[in-house]
Amino acid sequence: MKSPETLESTGPKPPQLRAARIRKQSVIKFVILFITLAFLFVPLISMLVFTLRHPLSGRWSAAPWIAIFTGNGESLGADLTVLWQGLGASLGLCLVTVVLMLLLMVPTMVIVHIRSKALERAIEWVATLPLTIPAIVLVVGLGPIYRWLSSQVFDTNPIWLCFAYVVLVMPFAFRAIAVGLNSIDVKTLVEASRSLGASWPKVFFRVIIPNLWQSILSASFISIAVVLGEYTVASLLGRMNLQVALYQLGQSNSQISTAMSLLALLFGVVLLVALDLISERVAKTKEGK
């Protein structure tokens, strides 16, 4: 039989103790959230202040931002031509890389997911391998290939970086698409469609793709963010993209370069927020049905 002391210690806690514990947890959560937000936003705020305050004279001015939106940086001693070249090259690379990535990854992963789990694990190992290889090591291997391609097959146009970028985005795209494939019963959908007389192209485009479009969108957005932020491969291979252009522009006017970097970061945040809103909308639509 339990003693009164034991019953008192194991019984429900008084409201004062519960309230004190809740207050303590709230304080801890607030401190953790504050430190996290400070870690994320203090550098961004510092970048914003740097673009508005001249580092030597201390004079506040929005001239760098005006130069970007008007396309004229001559008053600040900066030639924005290289910036627009890099931005155009990166946007083209985003489009081509996403198309190549989807053409390569989606059919392969769907077929392997249906046919062989063992082969699916091998594909996963290959797809995630670029995460373990530093970018500079990839460039050492890709350098001779790109030199041969530039002289014998293609030219030095930055758009041909898309092949290297497909390798870089492969781990992120694989994980996003794999989540979509594991969330639906692909085999049952395929067998039911085939038993009703649907051809393989119809099964793929009318049954599987509509169920995977959210994962495909996620893989595309993540790939765009990776391509827009890539510097090492383009720089070491001597090609122009947005990050290389920002580095070169920073040699003449670091404020404009920093302002454009902030805009690129903001664009990446907008993509991620849009993905989250789309996912939430899809979830609510499915619950409504």
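Just so it is clear, the model here is predicted, and its values are computed rather than measured. Sequence positions, counted from 1, serve as the residue numbers for this chain. Computation of the quantities below employed the complete heavy-atom set of this structure, encompassing side-chain atoms and omitting hydrogens, waters and symmetry-equivalent molecules.
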### Message
Once rounded to the nearest 0.5 Å, what's the spacing between atom CD1 of I35 and atom CG of L40?
### Response
12.0 Å

### Query
Do the side chains of L263 and W65 get nearer than 4.5 Å, heavy atoms only?
yes

### Message
Would you compute the distance between atom CG of N241 and atom SG of C94 and round it to the nearest 0.5 angstrom?
### Response
9.5 Å

### Message
Between L95 and V270, is there shared hydrophobic-cluster membership here, with clusters defined by ILVMFWY side-chain heavy atoms closer than 4.5 Å?
### Response
no

## Note on the structure
All heavy atoms of S223 vs all of M101, minimum pair found to be OG-CE, 3.4 Å

### Message
Going by the rule side chain to side chain contact (heavy atoms under 4.5 Å, CB included), which residues pair with L237 if we only count those two or more places apart in sequence or in a different chain?
### Response
V139, Y146, L161, V233, R239

### Task
Please report the shortest heavy-atom distance between V167 and P130, naming the atom on each side.
O-CG, 3.4 Å

### Query
Got a sec, which pairs hit side-chain hydrogen bond (donor to acceptor under 3.5 Å, both in side chains) with one end in residues 242-255, sequence neighbours left out?
none

### Message
Please find the pair of heavy atoms, one from L129 and one from T132, that lie closest to each other, and give the distance.
### Response
O-OG1, 2.8 Å

### Query
If you measure from CZ on F221 to CD1 on I224, what distance do you get to the nearest 0.5 Å?
6.5 Å

### Message
Within the supplied structure, the quantity of interest is the number of heavy atoms (other residues, nucleotides, ligands) at a distance under 6.0 Å from R194 CZ; does it exceed 12?
### Response
yes

### Message
Quick check: do L48 and L44 have side-chain heavy atoms less than 4.5 Å from each other?
### Response
no

### Task
Treating Ile, Leu, Val, Met, Phe, Trp and Tyr as nodes and any side-chain heavy-atom pair under 4.5 angstrom as an edge, say whether V99 and M105 lie in one connected cluster.
no

### Message
Working to the nearest 0.5 angstrom, can you tell me the gap between I114 CD1 and E191 CD?
### Response
9.0 Å

#### Entry: Intermediate values then yes/no, side-chain contact (heavy atoms from CB on, under 4.5 Å), L236 and L142
CA-CA 10 Å; L236 294 180; L142 292 172; over 6 Å; no

### Query
Got more than 12 heavy atoms from elsewhere within 6.0 Å of CG, L37?
yes

#### Entry: Shortest non-hydrogen contact from P171 toward L131
CB-CG, 3.5 Å

### Message
Counting C-beta onward and ignoring hydrogens, is there a side-chain heavy-atom pair between L138 and L168 closer than 4.5 Å?
### Response
yes

### Query
Would a 4.5 Å heavy-atom cut-off, applied to side chains only, mark L242 and L93 as touching?
no

### Query
Which pairs pass salt bridge (charged side-chain N to carboxylate O under 4.0 Å, His left out) with one or both residues in residues 123-151, sequence neighbours excluded?
E124-R175

### Short side-chain to backbone donor-acceptor contact, S90 and L87, under 3.5 Å
no

#### Entry: Spatial distance of atom CD1 (I68) from atom CD1 (I256) [nearest 0.5 Å]
6.5 Å

### Message
Could you see if L100 belongs to whatever hydrophobic cluster contains I123? Use Ile, Leu, Val, Met, Phe, Trp, Tyr and a side-chain cutoff under 4.5 Å.
### Response
yes

### Message
Tell me every residue that passes ring-ring contact (aromatic ring centres under 6.0 Å, His included) with W160, counting only those two or more places apart in sequence or in another chain.
### Response
F154

### Message
Tell me whether S257 contacts the main-chain N or O of L246 through its side chain, where contact means a donor paired with an acceptor under 3.5 Å.
### Response
yes

### Query
In a check of side chain to side chain contact (heavy atoms under 4.5 Å, CB included) between V190 and each of V110, I208, D185, which one passes?
I208

### Query
If you group Ile, Leu, Val, Met, Phe, Trp and Tyr by side-chain heavy-atom gaps below 4.5 Å, do L196 and I209 land in one group?
no

### Task
Indicate the atoms forming the closest heavy-atom contact of P43 with F39, along with that distance.
CD-O, 3.4 Å

### Cluster overlap V42 with F30, hydrophobic side-chain contacts below 4.5 Å
no

### Query
Hey, are the side chains of V49 and W60 touching, using non-hydrogen atoms and a 4.5 Å cut-off?
yes

### ring pair (Phe, Tyr, Trp, His ring centres under 6.0 Å): pairs with one or both residues in residues 161-207, sequence neighbours excluded
none

### Query
Do the side chain of N211 and the main chain of I184 share a donor and acceptor less than 3.5 angstrom apart?
no

### Message
Distance check, rounded to the nearest 0.5 Å: M260 atom CE versus L83 atom CG?
### Response
5.0 Å

### Residue pairs involving residues 258-270 (criterion side-chain hydrogen bond (donor to acceptor under 3.5 Å, both in side chains); sequence neighbours excluded)
none

### Summary
Closest heavy-atom pair, I177 versus S215, reported as atoms and distance to 0.1 Å, is CA-CB, 4.1 Å

### Query
Just by modelled atom types, is the L104 backbone N or O under 3.5 Å from a matching donor or acceptor in the T108 side chain?
yes

